[in-house]
Novice: 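Below: one structure in structure tokens.
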Amino acid sequence: MVFIGSQNRFNEFRDEFIKDTGVKNVEENIGLYTQYVIARFTDQNHRLLKDLTIQLQELSKVLKKV
């Protein structure tokens, strides 16, 4: 079973934000950067919950066989 959790990639988001948007100065576009980070964390949480749901479904199948 995989450990549940995620890495903190907050600082990496700055570089990816610049690459994805073409914005050079994050400080002048802090509102857009905040939305970008929130979207990334939301996506990460969605993927984690999806994986947990699949694992719970598999566990339920195994427990029903026991």
Side-chain angles (χ1 to χ4, degrees):
M1 183 177 255
V2 178
F3 176 73
I4 299 172
S6 62
Q7 294 178 311
N8 181 353
R9 297 185 55 223
F10 186 82
N11 291 328
E12 292 175 33
F13 287 163
R14 177 180 290 263
D15 296 332
E16 293 174 10
F17 171 77
I18 291 169
K19 185 182 102 186
D20 290 346
T21 63
V23 172
K24 300 293 183 209
N25 191 336
V26 174
E27 287 76 20
E28 290 180 6
N29 295 287
I30 197 68
L32 183 60
Y33 180 65
T34 302
Q35 290 175 0
Y36 181 85
V37 171
I38 290 169
R40 294 292 300 266
F41 283 143
T42 301
D43 180 61
Q44 187 176 39
N45 287 335
H46 172 73
R47 290 172 190 245
L48 178 62
L49 288 174
K50 182 178 131 195
D51 290 342
L52 286 174
T53 301
I54 291 169
Q55 289 180 13
L56 285 172
Q57 289 171 347
E58 293 300 316
L59 179 60
S60 175
K61 291 176 187 176
V62 169
L63 291 175
K64 286 180 182 179
K65 291 180 182 178
V66 174

Novice: Please name all residues satisfying side chain to side chain contact (heavy atoms under 4.5 Å, CB included) with L63, sequence neighbours left out, ordered by chain then number.
Specialist: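 Applying side chain to side chain contact (heavy atoms under 4.5 Å, CB included) to L63 gives L59.
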
Novice: Taking only residues two or more places apart in sequence or in another chain, which ones pass side chain to side chain donor-acceptor pair (under 3.5 Å) with Q35?
Specialist: none

Novice: State which residues pass ring pair (Phe, Tyr, Trp, His ring centres under 6.0 Å) with F17; sequence neighbours excluded, sorted by chain then number.
Specialist: Y33, Y36

Novice: Tell me which pairs pass salt bridge (Lys or Arg N to Asp or Glu O under 4.0 Å) where either residue lies in residues 36-47, with sequence neighbours left out.
Specialist: E16-R40, D43-R47

Novice: Kindly compute the distance separating CG (L56) from CG (D51), expressed to the nearest 0.5 Å.
Specialist: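 So the gap between those two atoms works out to 11.0 Å.
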
Novice: Which heavy atom of N25 sits nearest a heavy atom of N29, and at what distance?
Specialist: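 Distance-wise, the nearest heavy atoms are O-ND2, 3.0 Å.
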
Novice: E27: what forms a side chain to side chain donor-acceptor pair (under 3.5 Å) with it, not counting sequence neighbours?
Specialist: R14

Novice: Just verifying a value: how many Å separate D20 CG and F13 CZ, rounded to the nearest 0.5 Å?
Specialist: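 Answer rounded to 0.5 Å: 10.5 Å.
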
Novice: Can you name the residues that form a salt bridge (charged side-chain N to carboxylate O under 4.0 Å, His left out) with K64, not counting sequence neighbours?
Specialist: none

Novice: Does K61 reach the side chain of E58, with side-chain heavy atoms less than 4.5 Å apart?
Specialist: yes

Novice: Is there a path of hydrophobic side-chain contacts, each under 4.5 Å between heavy atoms, that joins L32 and I30?
Specialist: yes

Novice: So, using side chain to side chain donor-acceptor pair (under 3.5 Å) as the criterion, who are the partners of D15 when residues are at least two apart?
Specialist: none

